[in-house]
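Below, read A as the first sequence line, B as the second, and so on, with proteins coming before strands; counting in each chain starts at 1. Computed from a prediction, not measured in an experiment: that's the story for all the values here.
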Protein chains: 2
Amino acid sequence: MGVSIGEAAAQSGLPAKTIRYYEDIGLVRPLRSANGYRAFDGKNLQALEFLARARSLGFSIEECRELLAFQADAERASADVKRVAVEHLARIDAKIAELTAMRRSLADLAERCAGNETPDCAILRTLAGA
Amino acid sequence: MGVSIGEAAAQSGLPAKTIRYYEDIGLVRPLRSANGYRAFDGKNLQALEFLARARSLGFSIEECRELLAFQADAERASADVKRVAVEHLARIDAKIAELTAMRRSLADLAERCAGNETPDCAILRTLAGA
DNA sequence: ATGGTCTTTCCAGTCACTGGAAGGTCAAGG
DNA sequence: CCTTGACCTTCCAGTGACTGGAAAGACCAT
């Protein structure tokens with residue numbers, strides 16, 4: 001009953017190493033076959049696919065744990081789920097803003113650097129605080 | 001000759017812990033006073049400020065090391081510096097694109113989630129692969 | 001029996017710090 | 001002279017989320 005870790009990896013798109021790690025930290029709890037191999041049943045596979053999707057949206061492992069718990073709890077309010085998502089969205093927006101500011105400064109610097117064989121360089125001048 | 005690590009931290013804006021770490025990995029080489037305290041001279045302080053600026057632009061430690069070496073080498077070509085900057089810019093752009101895609105999916109999901117006391121939730125439905 | 005492809009566990013490394021423990025140094029105040 | 005408090009020192013461990021690799025066991029086909 002249940003597929004091997006290689007099969008689970010193929011079906012979820014997650015590396016086998018990652019799946020073992022998820023078991024280590026208690027995100028998924030496969031049974032064991034008589035030979036000691038992990039045996040993933042349908043619920044395990046659904047959890048792995050859930051995790052793959054949530055991770056690809058950038059949720060942290062702890063948020064994934066929380067979302068999985070919500071998923072398993074038929075009584076949860078959608079507001080609880082939405083809160084997690086909205087907080088994550090805010091973090092993403094902050095990160096995008098940070099990167100965009102970096103990008104602007106950096107593009108400006110790169111533009112002012114000749115990029116030729118001469119040693120003078122606006123990038124280094126600016127980093128040095130000129 | 002040279003200021004203490006606390007003074008160097010105040011002047012560069014870097015935490016003292018970070019400065020010690022930078023010494024560990026060879027980015028800065030302060031002298032030592034008779035009492036064993038680090039003594040940062042003008043060049044050390046300039047290097048720390050350089051590092052603080054480069055790190056705030058998102059350059060990796062190894063890139064910072066390379067940029068510092070360029071800074072110390074009067075013979076370098078500005079093209080070498082620009083190459084590092086342009087590669088970093090590409091990484092930033094890739095990251096922004098990734099986050100923007102996440103943001104789009106996530107905002108869409110959040111919008112379709114009522115966020116009230118009912119258990120039905122578009123976010124969980126999507127993560128579960130419905 | 002052999003080879004090849006799984007699988008297992010465990011340990012170490014990544015990146016750039018950050019926190020904390022245990023102890024040394026120094027200037028000021030009593 | 002002693003204490004207090006603010007510095008400073010080193011060293012060790014932890015962060016997040018894996019990833020790589022070693023050594024060994026399991027399974028299947030020839």
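With rounding to the nearest 0.5 Å, the separation of CD1 in Ile92(B) from CZ in Arg103(A) is 8.0 Å.
Checking Ala34(B) against Glu7(A), the closest nucleotide of DNA chain C that is more toward the 5' end is the one next to Glu7(A).
The listed nucleotides are dT18(C), dC8(D), dT8(C); the one nearest the side chain of Pro15(B) is dT18(C). Of the candidate nucleotides dC8(D), dA26(D), dG20(D), dG20(D) has the atom nearest to the side chain of Lys17(A). Closest to the side chain of Thr18(B), out of dC17(C), dT7(C), dT9(D), is dC17(C). Minimum atom distance to the side chain of Asn35(B) is reached by dT25(C), of the listed dT9(D), dT25(C), dA17(D). Side-chain proximity of Arg38(A) to dC8(D), dC17(C), dT9(C): nearest is dT9(C). Taking every side-chain heavy atom of Tyr37(A) into account, dC27(D) is the closest of dC27(D), dT9(D), dA16(C).
Side-chain atoms of Ser33(B) never come within 3.5 Å of backbone atoms of Gly36(B) as a donor-acceptor pair (strictly under, hydrogens ignored).
When rounded to the nearest whole Å, the span between CD1 of Ile5(B) and C1' of dC8(D) equals 9 Å. Summarising the geometry, the separation between CZ on Arg65(A) and C1' on dG16(D) is reported as 12 Å, rounded to the nearest angstrom. The nearest whole Å value for the distance from the CG atom in Asp24(B) to the P atom in dT9(D) is 11 Å. The distance from atom OH of Tyr22(B) to atom P of dT18(C) is 9 Å, rounded to the nearest whole Å. Summarising the geometry, the separation between OH on Tyr21(B) and P on dC15(C) is reported as 8 Å, rounded to the nearest angstrom. If you measure from atom CD of Glu62(B) to atom P of dT14(C), you get 11 Å, rounded to the nearest angstrom. Atom-to-atom, CD of Glu23(B) to P of dC8(D) comes out at 14 Å; the value is rounded to the nearest Å. Put simply, CZ on Phe59(B) is 17 Å from C1' on dA16(C), counting in whole angstrom units.
Among the heavy atoms of the strands lying under 4.0 Å from Arg20(A) is at least one base atom, whether or not backbone atoms are also near. The residue Ile25(A) sits apart from the nucleic acid: no heavy atom pair falls under 4.0 Å.
The side chain of Arg32(A) contributes an N or O atom lying less than 4.0 Å from OP1 or OP2 of dT9(C).
In the model, Asn116(A) has a side-chain atom that pairs as donor or acceptor with a side-chain atom of Thr118(A) under 3.5 Å.
For Gln11(A), the CD atom is densely surrounded, since the number of other residues' heavy atoms within 6.0 Å is greater than 12.
Closest of all the heavy-atom pairs between Cys113(B) and Cys121(B) is SG-SG, 3.7 Å.
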